Visitor: 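Below you will find the structure I want to go over with you.
Convention: sequence-line order gives letters A, B, ...; per-chain numbering from 1. All values below were derived from every heavy atom in this structure, side-chain atoms included, with hydrogens, water molecules and symmetry-related copies excluded. None of the values given here were measured: they were computed from a predicted structure.
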Amino acid sequence: MNAVPGRHRPPETNSSCVVSYLAVKANSEGAGVPLVVFGKHFGKYSATENCFVLFPPSTTMPVIVSEDGERPGGRLTVVPISHISTDVNHDHHSVTGRLVHKGPLVSSSIYDFILKAAIEEGNSSPQETSSINLVLLGALASDFSQFVNQGDVVTASGFLVSKSPTAQKDKRHACNLLLSGDQAFIHVLRSPPHDLTSPGQAKRKKRFPPAAVASPTKSTYVRIAELKPGAVVNVYGVVVFFKQPFKSRGSDFCYSLKITDQSQQNIVCTIFCPKLELLPQIFRIGDIVRLHRVKTKMYKDSLNLVNWFGFSALTFNGTVGAEMNPRTSSKTFHFTEEDRRIVTELRSWVAGRDLLPPDLTVPLSAAKPGMYFNLTCQLLAKAPVNITCTLLRVWDGTRCPHALLEVTVDADVVEGPRSFPEEHEKLIANVLVFDNHVQSVQQLKPGDFLRIFNLRAIAGCVKVPGLTSSQVGVLNHLSFHLHGGTAYGRGVRLLPDDSPEVQELKRLTEAVQDDTNINDSALWDVWKTPPETPEREASAEFRTGSTLQEARHLAATYRNVVPVRSSPGGHLAPLDLSAPFIFRGRKSFYGCKRCSKVAAITEPTADGDKTIDEKIIAEAFGIHLLKWVLVLEFRLQDAGGTLDAYLWRDAESFFNVLAEDAAADQEAQDRIQRTMDWICPPEGSAGERPWLDLCLAAYQTEDGENGKEQTSYQICHTSAPSHQHLQL
DNA sequence: GCTTAGGGTTTG
């Protein structure tokens, strides 16, 4: 029995509204929209291949492919495969062999992915075991699957050794090598480029990330204490201080940071760049930076570093055990085992010491009058107060124990909703940013995730701009000021959507929205704003030309987000039905292109306390709502033979999960994954898979290519074993 | 090939 996570073809049907994958297809004809499938797997529909293709689960590159003779060096000793034993400490050992077996990439609820492989030595004596199994977990497995081919010479290090359960059967080494996490490393020696002449290989080569195909150039790094004036050097360090970048009086942005390393010295680095994105992407104290080509200069009896021609930077999370994704704007960069080692050593060196200043990032719930702190938050609305001050309305999903000061601004100048449900207002902080920061928040949009550095909580301030004489600051009501200047790293920074802190913030703010029984006043505030002039439209909400991602951002803030366009006569109309016609939290809903009769929009009404939902809005638009379905293909086997059968019509009752939830909700996806892991254990052989009583129905479909009728089968009226059963 | 800033709490 085989559930195929990667490629599905939905059963053909005459039903007019077949469902998620058709919706996916329609939606992806343009830009190609990534969608969540199961667990953390992302994919998109490929129109050319008529299938759904999964993306790798991670962008980390624990697998390094090189075309020259360089091997992972450092302090690792290459040991023969026959020397591998559970009794030996292999921390500083590596093994090398040619890849003789590469198993399929198997999805796993615990590790995301598992892949089995085997390597073989060429020069061992006949008496010795010359091949050994590798078990790769997580991102390493998916990268290996993508980039490594049979015949490649593979060097593995950072492995754990365990008994091989298949040794008797496969006659390989009695142990296998388990590779996972930050320590594990695979180096692959690829045939030289002139061998890559066949079209297939050329195509494969093109798919390698730039980091993987670049020939590694050995870089040497100087410890901070050993730096001498007047040299251009490469340096690694832990960030102990950084300012937000600011515009210099010259032609560049200026970025100032201070780093330290195991030599126990600090050094200030000043980096000038014409573009913000070229600067190191430092998010917090403790991040690790790799600076290439910086020049040492004396200033007031201290040595400084300034970027020099050919400068480039990588930044890493400084936490022990965190993913080793280098942050950089460089299109190509070298990241070798040596880098991995240096970052790992710096991480553990810092972790064992009390040398970093405390991280002042606290949630709103911990804000106290008078304190300076960093706030990670989502921007909900923005408004200019005067020429030197802008109001940011933000939240982080926590509630400040102190009452928050209300700041009133002219409704016409608010970007984002003018008001929020009362339950939400209690969670929203008013942040006033002054002077140089006014410009840096100009490009921010409602929905963005930010970190505000060195924000000051101010109680009962009567001088808050935007307050009239009747609204003087109430004693102990907190407002938040971002004072002018860059002292203490003061400033605002947009956080990338994929950063862990943003994921956590989304979880908190979504939980808040689920918990509070909000009405839809914010939506209707936006909804009822008629398109007036083009200028007004451009500055108003929904957001002319907004991307799918921006719409999803907005959806995190509102109960319902309905993308519309203006139509002749000043009416509103839904977008082309290739796009979702409504976003509700993490869920998106599509309309059927064939069955919908889109009318001029009438304002939907809800009777009594009934919540306005996708059904009411679909009705108001004349949209025939598409239903999400799960589609899985099973291969069934008994003594009589095998049969392929789909599960779709009754998939929801089979898993006891709504397809709509499975499209947006991790818990629902996990439930499906647990059931599938039981039916089809990722590690188990076919003999270990359970026997199931299934009800099958045969149905006729038309073969798309030659128009002939064919018989298909689907699983119906069947439930997967209950939860209790699965936990036994 | 070499200008910029050179950390260290506020007008509000």
Visitor: Are side-chain heavy atoms of A:R451 and A:R284 found at a separation under 4.5 Å?
Guide: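 Sidechains of A:R284 and A:R451: in contact.
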
Visitor: Can you check whether any acceptor in the base of B:dG12 is under 3.5 Å from a donor in the side chain of A:N386, or vice versa?
Guide: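 A donor-acceptor contact between them is absent.
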
Visitor: Determine if the base of B:dG8 is syn or anti; take syn to mean the glycosidic torsion is within 90° of 0.
Guide: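 Syn.
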
Visitor: Taking the side chain of A:R456 as its heavy atoms from C-beta onward, which of B:dT11, B:dT10, B:dC2 lies nearest to it?
Guide: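 The closest nucleotide is B:dT10.
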
Visitor: Could you check whether A:E504 pairs with A:R507 (Lys NZ or Arg NE/NH1/NH2 to Asp/Glu carboxylate O, under 4.0 Å)?
Guide: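 A salt bridge links A:E504 with A:R507.
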
Visitor: Are the side chain of A:N430 and the backbone of A:L405 linked by a donor-acceptor contact shorter than 3.5 Å?
Guide: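 Answer holds: yes.
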
Visitor: Can A:F272 be said to stack with the base of B:dA5, given centres closer than 5.5 angstrom and planes under 30 degrees apart?
Guide: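 So A:F272 does not count as stacking on the base.
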
Visitor: What nucleotide, of B:dG6, B:dT10, B:dG12, holds the atom closest to the side chain of A:R490?
Guide: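 The nucleotide sitting nearest to the side chain is B:dT10.
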
Visitor: Which value, in whole Å, describes the distance between the C1' atoms of nucleotides B:dT11 and B:dG7?
Guide: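 Those two atoms are separated by 22 Å.
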
Visitor: With a non-hydrogen cut-off below 4.0 angstrom, is A:K300 in contact with a base, only sugar-phosphate, or nothing?
Guide: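 Result for A:K300 = nothing.
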
Visitor: Between B:dG6, B:dG7, B:dT10, which nucleotide gets closest to the side-chain atoms of A:F241?
Guide: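 Taking heavy atoms from C-beta onward, the closest nucleotide is B:dG7.
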
Visitor: Base, sugar-phosphate alone, or nothing: which one does A:T388 contact when heavy atoms must sit under 4.0 Å apart?
Guide: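 Base contact - A:T388 has a heavy atom under 4.0 Å of at least one base atom.
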
Visitor: Can you tell me whether the side chain of A:R249 and the base of B:dT3 have a donor-acceptor pair closer than 3.5 Å?
Guide: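 There is none.
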
Visitor: Relative to the 5' end of DNA chain B, which residue comes earlier, A:Y372 or A:N304, by the nucleotide with the nearest heavy atom?
Guide: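 Here A:N304 is the residue nearer the 5' end.
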
Visitor: For the C1' atoms, the ones on B:dT10 and on B:dG6, what distance do you get once it is rounded to whole angstrom?
Guide: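 Between the two C1' atoms, the distance is 22 Å.
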
Visitor: Rounded to whole angstrom units, what separation is found between the CD1 atom of A:I458 and the P atom of B:dT9?
Guide: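 Taking CD1 of A:I458 and P of B:dT9, I get 16 Å after rounding.
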
Visitor: Contact class for A:K295 vs. all strands (heavy atom < 4.0 Å): base, sugar-phosphate, or nothing?
Guide: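 Base contact.
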
Visitor: Of the nucleotides B:dT3, B:dA5, B:dG8, which has the atom closest to the A:V306 side chain?
Guide: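 In terms of side-chain proximity for A:V306, the closest of B:dT3, B:dA5, B:dG8 is B:dA5.
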
Visitor: Would you call A:E425 and A:R393 a salt bridge, using N to O less than 4.0 angstrom?
Guide: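 A salt bridge links A:E425 with A:R393.
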
Visitor: Between B:dG6, B:dG12, B:dG8, which nucleotide gets closest to the side-chain atoms of A:H483?
Guide: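 Closest nucleotide among those given: B:dG12.
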
Visitor: Rounded to the nearest angstrom, tell me the gap between atom NE2 in A:H437 and atom C1' in B:dT11.
Guide: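 Answer to the nearest Å: 14 Å.
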
Visitor: Verify the stacking flag for A:Y488 against B:dG7: centroid separation must be under 5.5 angstrom and the ring planes must differ by under 30 degrees.
Guide: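 Here A:Y488 fails the 5.5 Å or the 30° condition.
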
Visitor: Both A:C254 and A:W308 contact DNA chain B. Taking the nearest nucleotide for each, which residue is further toward the 5' end?
Guide: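 By nearest-heavy-atom nucleotide position, the 5'-most residue is A:W308.
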
Visitor: B:dG8, OP1 or OP2 - any side-chain N/O from A:K243 closer than 4.0 Å?
Guide: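 Looking at the OP1 and OP2 atoms of B:dG8, one of them is under 4.0 Å from a side-chain N or O of A:K243.
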
Visitor: Which pair of heavy atoms, one from A:G397 and one from A:T509, lies closest together, and at what distance?
Guide: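 Heavy atoms of A:G397 and A:T509 come nearest at N-CG2, 3.9 Å.
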
Visitor: So that I can tick it off, tell me whether A:R341 and A:E345 are bridged by a salt bridge, with the cut-off set at under 4.0 angstrom between side-chain N and carboxylate O.
Guide: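 A salt bridge links A:E345 with A:R341.
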
Visitor: The side chain of A:N454 lies closest to which of these nucleotides: B:dG8, B:dG6, B:dT9?
Guide: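 Out of B:dG8, B:dG6, B:dT9, the nucleotide with an atom closest to A:N454's side chain is B:dT9.
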
Visitor: Applying a 4.0 Å non-hydrogen cut-off, can you work out what A:G484 is touching in the nucleic acid: base, sugar-phosphate, or nothing?
Guide: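 If one applies the 4.0 Å heavy-atom cut-off, A:G484 turns out to touch a base.
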
Visitor: Starting at CG of A:L360 and ending at P of B:dT9, how long is that distance when rounded to a whole Å?
Guide: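 In whole Å, B:dT9 P and A:L360 CG are 15 Å from each other.
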
